A.B. asks: 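Here it is: the structure, laid out below.
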Amino acid sequence: MSNFYSDNPDLAWYVERGVDWAPLVELTEFLHRSPDGFKDARSAVEAYRDVLNLVGELAGDVVAPRAARIDREGVRLVDGEGQVSAPFAEIFEQLGALELHGLALPRELGGQNCPLTVFFLASELMARADLSVMTHFSFHGPMAMAMLAYSWAEGSTTFDPATATITRTRFADAIEEIRRGAAWGAMDITEPDAGSDMAALRTTGTLGEDGQWRLDGQKIFITSGHGKYHFVIARTERAGDPEDPFAGLGGLSMFLARAYEDGEGGRRRFVTIDRLEEKLGHHGSPTASLVFEGTPAELVGQRGEGFKLMLTLMNGARVGVGFEGVGVCEAALRLARAYAAERRSMGKTIDRHEMIADYLDEMETDLLGLRALGVQCAVEVELAQKGGIVLATGLVTDPEEKRRREADVKRHSAHARRLTPLFKYLASEKAVQMARTAIQIHGGVGYTKEYGAEKLLRDALVLPIYEGTSQIQSLMVMKDTLTGIMKEPKRFATRVAQARWHAATARDPLERRVARIQGLARSAEQHLLTRTVADKGRQVVGEPVAEWAKHLKGRWDPKRDFAYAMLHAERLTQLLADEAVAELLLGQARRDPERRVILERYLERAEPRARHLYERITTTGQRLLESLAGDREAERRVG
Ligand SMILES: Cc1cc2nc3c(=O)[nH]c(=O)nc-3n(C[C@H](O)[C@H](O)[C@H](O)COP(=O)(O)OP(=O)(O)OC[C@H]3O[C@@H](n4cnc5c(N)ncnc54)[C@H](O)[C@@H]3O)c2cc1C
């Protein structure tokens, strides 16, 4: 018997002490009051612990032992339908029977009303057992939650304030089917010529004279795309300004399409599965190429809102992918540690050799930091999302309380926006790095299929690609950082001064060290901003002075004006992720002195990294940028 929850003291620390459950329980229960609801946070946490134990057991006893077979047997396209392997199907039968797809769904919709944070912690457990199982699991409950969230947002969910329950919601039938495990959802964005660049999407949504929307086009790489419910992003309006690379985003709308209908005459398909991808890893998860030809669909939200709605869905999904990464890191560390404790070389087990001991120590330190970032990110996302829904229900009438809640939502939304791309980036990259180190620690057998280390790496490599690549996360971080400073320069100046002051005067030496990382991060940001403004400034030289303000305030061309910042976006993301982890671990150490040792370990690794990143951001890149600018100029002349 193995239980992936009870064998993990760091994860249990969050459940028992690390997470402030009270506001999460308050919001979750506030929205869905019921006689069998929890009266206080303590009784709620007992139930959450039970759920995590159940998932931990399932992951350890049912999923992990089947992982190698799932990897070997993969998926097949049979008579136009996606078919998963027998062990994969068995796992999903059990997940359905245990009603785990309803984990975070409201009680009145048949769910268990757990916070999303509990779902995310459960995700880590499942991903540690098998990434492809976790991925398919995440296209169940979270898709039903997305249906509910969209319905709230467009006003098609009705809520009775007297009983604090949902009385009607637009996608109730689909939600119920998913909750039972009889169906699942998919998120259809990518097309052959449009991946990261969503403005280039070509699939169309057309409104017929009969009032029915129909979809035409091809979507590729659709995870769990052999399923029934598809959120499809399609073009309904023509792109505006041809000079603006983002104009195409405004013409996108969101649809819900049913891929098939099962009736007495059998299955009738509205979406064709062209093929299932043959991939490097992640073999249990079907990745489908889909053809839409006059596929009937329902518009979700308003026309032209597609990009905004898809981002809402993707932001939650990015946190989910982050936890998939944490699970892979945990698996890699355990595999490597167990092997290193057994394998002998030159008179001792290899974990006693300094370099291997250092690898293992770094893996563990990184994992502890990563989990701190993930849990905080999950909590912020949930507080922002549920706080917003509570305000939308009209349940809060007292003006003072309303103001307080609005301020809370604003604060948590800002934190969630800051932490989400950092977490998605760091977790994905660390998963790949740790899986690769696990192979190295295994030596020759790491390169064979015997121990499962190579499977971990093959699986992990998808994490920095789907749900927005690592580069796209970095661009988001960079954009938010620069626009944040430009919008509030005084606040930035205060943060610079605070970091300097704390680095010099804080009584706690660990706090001084965290402040030094903050100082390096602010200096790097300052450098990037100064360079960006200076580059833009150079363009106005030669223009009449009266035109300068127009150029500086006018539209910025992302291809040209942010070149230096974009070049260093990933390095800044790494630095800001280390800063965020250090801050969170400092907060933990203040509340619980036992956590000080984790902060010390993390700082020992993060401080030299931060200095190195700062150095690279401020001293490299000029040669490459000049060469790119030269190419652009040549292209312009030819064009
Ligand atoms: C297993 C798997 C499952 C997937 N599941 C889904 C799914 O369920 N739904 C769905 O819609 N899609 C899915 N995808 C698609 C995935 O989201 C895309 O592959 C991803 O967004 C990258 O798009 P692309 O492949 O077109 O690469 P491109 O966008 O062509 O990018 C290629 C490379 O260029 C980089 N790049 C692109 N633009 C920039 C830029 N401006 N600056 C710097 N670097 C840049 C990228 O980071 C990447 O390294 C899945 C992919 C895989 C492999």
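As the structure lists them, so they are numbered: ligands from 1, and atoms in each ligand from 1. Fair warning: this is a prediction, and the values are worked out from it, not measured in the lab.
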A.B. asks: Number the atoms of ligand 1 from 1 as they appear, then name those within less than 4.0 Å of a heavy atom of Ile465, with their elements.
C.D. replies: 19 (O), 20 (C)
A.B. asks: From atom 29 (O) of ligand 1, is the closest protein heavy-atom distance below 4.0 Å?
C.D. replies: yes
A.B. asks: Counting non-hydrogen protein atoms only, what is the nearest one to atom 8 (O) of ligand 1? Give residue, atom name and distance.
C.D. replies: Thr223 N, 2.9 Å
A.B. asks: With a 4.0 Å cut-off, would you call Glu277 and Arg275 a salt bridge?
C.D. replies: yes
A.B. asks: I need the nearest protein heavy-atom contact for atom 52 (C) of ligand 1: residue, atom name and distance, please.
C.D. replies: Val462 CG2, 4.2 Å
A.B. asks: How close does the nearest protein non-hydrogen atom get to atom 51 (C) of ligand 1, and which residue and atom is it?
C.D. replies: Phe221 CB, 3.7 Å
A.B. asks: Within the 4.5 Å heavy-atom criterion, are Trp184 and Met143 side-chain neighbours or not?
C.D. replies: no
A.B. asks: For ligand 1 and Asp188, I'd like to know whether there is a polar contact (N/O to N/O, distance under 3.5 Å).
C.D. replies: no
A.B. asks: Check whether any N or O atom of Ile220, backbone or side chain, sits under 3.5 Å from an N or O atom of ligand 1, and answer yes or no.
C.D. replies: no
A.B. asks: I need the atoms of ligand 1 closer than 4.0 Å to a non-hydrogen atom of Ser196, numbered in the order shown.
C.D. replies: 22 (C), 23 (O), 28 (P), 29 (O), 31 (O), 37 (C), 38 (N)
A.B. asks: What do you think, any protein heavy atom under 4.0 angstrom from atom 35 (C) of ligand 1?
C.D. replies: no
A.B. asks: Is there at least one protein heavy-atom neighbour under 4.0 Å from atom 32 (C) of ligand 1?
C.D. replies: no
A.B. asks: Mark up the atoms of ligand 1 that fall under 4.0 Å of a heavy atom belonging to Ile222, in ascending order.
C.D. replies: 7 (C), 8 (O), 9 (N), 10 (C), 11 (O)
A.B. asks: Ignoring angles and geometry beyond distance, decide whether Ile189 reaches within less than 3.5 Å of ligand 1 through its nitrogen or oxygen atoms.
C.D. replies: yes
A.B. asks: Under 4.0 Å between a side-chain nitrogen and a carboxylate oxygen: does that hold for Lys308 and Glu305?
C.D. replies: yes
A.B. asks: So, is Thr287 polar-close to ligand 1, with some N/O to N/O distance under 3.5 Å?
C.D. replies: no
A.B. asks: A side-chain contact here means heavy atoms from C-beta on lying under 4.5 Å apart; do Lys219 and Phe292 qualify?
C.D. replies: yes
A.B. asks: Is the closest N or O pair between Gln471 and ligand 1 shorter than 3.5 Å?
C.D. replies: yes
A.B. asks: What about Thr469: any of its N or O atoms under 3.5 Å from an N or O on ligand 1?
C.D. replies: yes
A.B. asks: Regarding Arg269 and the six-membered ring of Tyr260, is the cationic atom NZ or CZ under 6.0 Å from the ring centre and inside 45° of its axis?
C.D. replies: no
A.B. asks: For Thr190, is at least one N or O under 3.5 Å away from an N or O on ligand 1?
C.D. replies: yes
A.B. asks: Is it the case that over 12 heavy atoms from other parts of the model lie below 6.0 angstrom from the CD atom of Glu237?
C.D. replies: yes
A.B. asks: What protein heavy atom is closest to atom 39 (C) of ligand 1, reported as residue, atom name and distance in Å?
C.D. replies: Ile472 CD1, 4.2 Å
A.B. asks: Does the pair His612 and Arg609 meet the rule for a side chain to side chain donor-acceptor pair (under 3.5 Å), with working shown?
C.D. replies: CA-CA 5 Å; His612 172 74; Arg609 256 194 321 248; over 6 Å; no
A.B. asks: Should the heavy atoms of other residues, nucleotides or ligands under 6.0 Å from CZ of Arg436 be counted, would the total exceed 12?
C.D. replies: no
A.B. asks: Below the 3.5 angstrom mark, is there an N/O of Met187, backbone or side chain, next to an N/O of ligand 1?
C.D. replies: yes
A.B. asks: Which pair of non-hydrogen atoms, one from Leu105 and one from Ala144, has the smallest distance, and what is that distance?
C.D. replies: CD2-CB, 4.1 Å
A.B. asks: Hey, are the side chains of Leu370 and Asp366 touching, using non-hydrogen atoms and a 4.5 Å cut-off?
C.D. replies: no
A.B. asks: Taking the side chain as every heavy atom from C-beta outward, state whether Thr573 and Gln473 have any pair of such atoms under 4.5 Å apart.
C.D. replies: no
A.B. asks: Starting from atom 26 (O) of ligand 1, locate the nearest protein heavy atom and write down its residue, its atom name and how far away it is, to 0.1 Å.
C.D. replies: Gly195 CA, 3.2 Å
A.B. asks: Between Asp193 and Arg202, is there a salt bridge with N-O shorter than 4.0 Å?
C.D. replies: no
A.B. asks: Going by the order shown, which atoms of ligand 1 are within less than 4.0 Å of some heavy atom of Leu475?
C.D. replies: 40 (C), 41 (N), 42 (N)
